[in-house]
Amino acid sequence: MKIRTFNSLQFQKSHLQRSYPSSFHLFQTSATSSHAKKSNPFLSLTQDPDPTSFSVPYYSKLLSKCNASKTLYPGMQIHAHTLKFGSTNDPKSRNFLISLYAKRKLFGYARKLVDESPKPDLVSWSALISGYAQNGFARDAIWAFHEMYLLGLKCNEFTFPSVLKACAFTKDLELGRQVHGIVVVNGFESDEYVGNSLVVLYSKCGKFGDSRRLFEDIPERSVVSWNALFSCYVQSDYFGEAVELFREMVLSGIRPNEFSLSSMINACTGLEDSGEGRKIHGFLIKLGYDSDPFSKNALVDMYAKIGNLEDAVVVFEEIREPDIVSWNALIAGCVLHDKHDSALEFFGQMRLSGTHSNMFTLSSALKACAGIGLKELGRQLHCNLIKLNVGSDPFVHVGLIDMYSKSGLMNDARMVFNLMPDKDLIAWNAVISAHSQNGEDMEALLLFPLMHEAGVGFNQTTLSTVLKSVASLQVNYVCKQIHALSAKSGFESDRYVVNSLIDAYGKCALLEDATRIFRECLIVDLVGFTSMITAYSQSGQGEEALKLYLEMLDRGIEPDPYVCSSLLNACANLSAYEQGKQVHVHVLKHGFMYDNFAGNSLVNMYAKCGSIDDAERAFSSIPERGIVSWSAMIGGLAQHGHGKEALRVFNQMLKYGVSPNQITLVSVLCACNHAGLVTEAQKYFRSMKELFGFERMQEHYACMIDLLGRAGRLDEAMELVNTMPFQADGSVWGALLGAARIHKNVEIGQRAAEMLLILEPEKSGTHVLLANIYASVGMWNNVAKMRRLMKDCNVKKEPGVSWIEVKDKIYTFIAGDRSHVRSEEIYAKLDELSERLSKAGYIPKVEFDLHDVERDEKEKLLYHHSEKLAVAFGLIATPAGAPIRVKKNLRVCMDCHTAFKFISKIVSREIILRDINRYHHFKDGSCSCGDYW
């Protein structure tokens, strides 16, 4: 069988570019160098008064020792000596020299010896080919084999493994099969070492079936053969198969060696199987390999990557002299599992031990700095990398971009990126992701076309990151453009891109597009369901979110903390208390209570479903309460009117050392607002910068203006509006308009309404509130003008909608609604309540109804408000004594608020009403808001 023909011209051209030395004067120079004099035990050769006394066998013996120990300079000295005294024709000595030079990568000298040999034999060629193959010069090894084969020299069991190793290195299966044919023709297929090389060749070329058959054909398989097979499985990520092969080997009576066990440790690392890893660790101890440094390093790496950092440290401390590999394994494992403090502590210990860090150590340290925001240490590490002269390494640049961006130093991150000589796809993705993660979504979007212009291309990571920024900015047309680009470039079926598209369309309020992509996807995973459930939840379609969750469970997809969180948010938006409790059961069942994400969502859900007691219990069960947890609890208490309790929790948070953010302070001011705590609110508002280190936002001003207005201090509220450091937005003027309505202040009401009509002309609430102010002071002509203005401007009052949950189902009501299957019972219940309310002293607040009809008709309209219909249905559809939970999309009207106080006492039921502003707990004739809302 012939070796296939190479592209000889091209191959020879590149091969012959290796410069061969014209003479061996270098040897003589080296032999007399100061370095050689110090380290060369064979120096006496050049100093002997009678050099001819040394025989050829003696030279051969010395060269054999040099070759075995890979000692270069003595070998070069002996070579120079033989040249000087004409003892160069001994084939044995020449072959030792060829082998020595090939092993030490001096291929020019090795090849010159082969070429100058009058008749190079198989040993010469085998030594040269082995040197090429062992040092990674696979193409040169194959070329040398080609030359040797053309000379008619037959290979032996020492040559074939080197050639097959070169074929495996280049994954040239076609050539490997031809060499395999030569092996068979020459009768070496049963040789163990040749057989092992064939096993490795076919495995590395992905032909595991052929590899296993060849393995079975080896007559006497030693541990080396087994190692060859399962190490290939490990390298190809077939970890489970490798472990099974190891068990098979042990059962067959073959004793594992340190190389077998190192491969198995790597397999256990890939499987993340600590149990199997401990068994292999036991084998190491039992067989006496536990002191082997390579095995120790592999164990440290395994335990660290699996997450058993305590075991990793125990093994690490057993190493007498940890090298850089040991330290890197431990530090990288800490970083992998977000133990950044520990990683930097070990990094410091490593430096104190005198071990010099390398690029991989510093990269791990950079990630640790990024994880905990140690900017200055990150800069110092950057300096160390510059000193190591790895400034052009793209891996290092990406690590620096990541570190600076996670430390909030985007200017530095961009500088690193801009100074990169060659920006590859990973670097572009890193800087785009950095801008996106720092909230600089527009910058991320602007980089995408620049990346395209640079000709780098893009991948699914790029598209997913850009779509995340699109979702944050809610730029619908860009979302559609990215979708078109994904389809055109073949990424439309990629899972990550599909899930990102669903998320982006959902956040851009393009729910139909999100649903279409979701339904067209052939295989929908947990992330896809989570994205779609979140989209439904954020768009107010909580019922659809709940249905989709049930569909997900029917498909056998297990939930995770994130989908449970999205579902809890859907229940919160609907005030679906019972369904929220069922999701809570799933959270408990799957062990997500220890996940902060799910725990925070539970607090939020119970608070928004009107059960502040359940919210407090969920809050108490969160193991590590962060700022989100505390803010959720404070906000929940605030919305339920428990202002003093909210401030108590806030002070408790400060005692625990948790620093508030701007959202927390909004919740604190809201708590003061709902409880009328003006003095406390002013203290926090005025000292926000000094106490907590951040400037006041529009939301803080809106809360403070609303609080002052409700307290009747309208002049102070107006002064605060006029002295704000920025132009007041709709939330500020809306707060002022609400205060003017409470205190019937026409002048301020008109001023606030004028500004709102400019800022938010499409909202009907402004017209309605101003009309209510006019109505409250008897200015009916102005009321009529407002109604005409709404009609002329085609402004329609947003209809009031109320929801109530009964037996895991959400029921929706609008004013005067008769579509419900139990409408007759509902209206009969309202009639019954009307009589009982009149006897109890209730008088309808008809002055707040703006319809131009008679009083009797106004009373009828008030009785048929959506929230009253929902409460009436709750009274007939829920067990006696059970709380009635209703949600309304608008602020509860004065009449309904008054009626519910009476109803709660008449029927002895607690009515929990969530309107757009807060929660009202009606019980025994009073409301938790104290009529302050």
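Here, residue 1 is the first one in the sequence, and each next residue gets the next number.
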List the atom pairs, donor and acceptor, that lie under 3.5 Å between side-chain atoms in residues 232-244 and the rest of the protein, sequence neighbours left out.
from: Ser236; atom 1: OG; to: Cys232; atom 2: O; distance (Å): 3.2
from: Glu244; atom 1: OE2; to: Arg247; atom 2: NH1; distance (Å): 2.7

Donor-acceptor contacts under 3.5 Å from residues 263-272 side chains, at least two apart:
from: Ser263; atom 1: OG; to: Phe259; atom 2: O; distance (Å): 3.4
from: Asn266; atom 1: ND2; to: Ser262; atom 2: O; distance (Å): 3.3
from: Thr269; atom 1: OG1; to: Ile265; atom 2: O; distance (Å): 2.8

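Proximity of a side-chain donor or acceptor of His397 to a complementary backbone N or O of Val416 within less than 3.5 Å is not detected. Side chain of His337 to main chain of Lys305: a donor-acceptor pair is present (N/O by atom type, distance under 3.5 Å, no hydrogens or angles). At distances below 3.5 Å, at least one donor-acceptor pair connects side-chain atoms of Asn135 with backbone N or O atoms of Ala102. Here the side chain of Ser353 pairs a donor or acceptor atom with the backbone of Met350 at under 3.5 angstrom. For Lys70 (side chain) and Leu100 (main-chain N/O), no donor-acceptor pair under 3.5 Å exists by modelled atom type. Listed for the Thr465 side chain is a donor-acceptor partner under 3.5 Å among the backbone atoms of Thr461. With hydrogens and angles ignored, the 3.5 Å screen pairs no side-chain donor or acceptor of Thr462 with any backbone N or O of Asn429. Looking at Ser260, its side chain does come within 3.5 Å of a backbone N or O of Asn257 through a donor-acceptor pair. Ser99 contributes no side-chain N or O that, together with a main-chain N or O of Phe96, makes up a donor-acceptor pair within less than 3.5 Å. Asn499 places a side-chain N or O within donor-acceptor distance of the main-chain N or O of Arg495, the cut-off being under 3.5 Å.
If you run ring-ring contact (aromatic ring centres under 6.0 Å, His included) between Phe160 and each of Tyr149, Phe188, Tyr193, only Phe188 comes through. Of the candidates Asn328, Thr361, Val313, Phe346 forms a side-chain contact (heavy atoms from CB on, under 4.5 Å) with just one, namely Val313.
Ring geometry, His79 versus Tyr101: the interplanar angle falls from 30° to 60°, so the pair is classed tilted. Note: Tyr132 and Phe137 have perpendicular aromatic rings, judged against thresholds of 30 and 60 degrees for the angle between ring planes.
Between Phe215 and Trp226, a ring centre-to-centre spacing shorter than 6.0 Å is recorded. Taking the six-membered ring for Trp and the full ring otherwise, Phe316 and Trp327 have centroids separated by under 6.0 Å.
No hydrogens or angles considered: nothing links the side chains of Asn459 and Asp494 as a donor-acceptor pair under 3.5 Å.
Heavy atoms of other residues, nucleotides or ligands lying less than 6.0 angstrom from NZ of Lys423 number more than 12. Shown here is Glu216, whose CD atom has more than 12 heavy atoms of other residues, nucleotides or ligands within 6.0 Å.
In plain terms, the two heavy atoms of Ile254 and Ser222 that are nearest each other are CG2-C, 4.5 Å. Heavy atoms only, all atoms of each residue included: Gly75 and Cys66 are closest at N-SG, 3.7 Å.
Salt bridge status for Asp210 with Arg213: present, with a side-chain N to carboxylate O gap under 4.0 Å.
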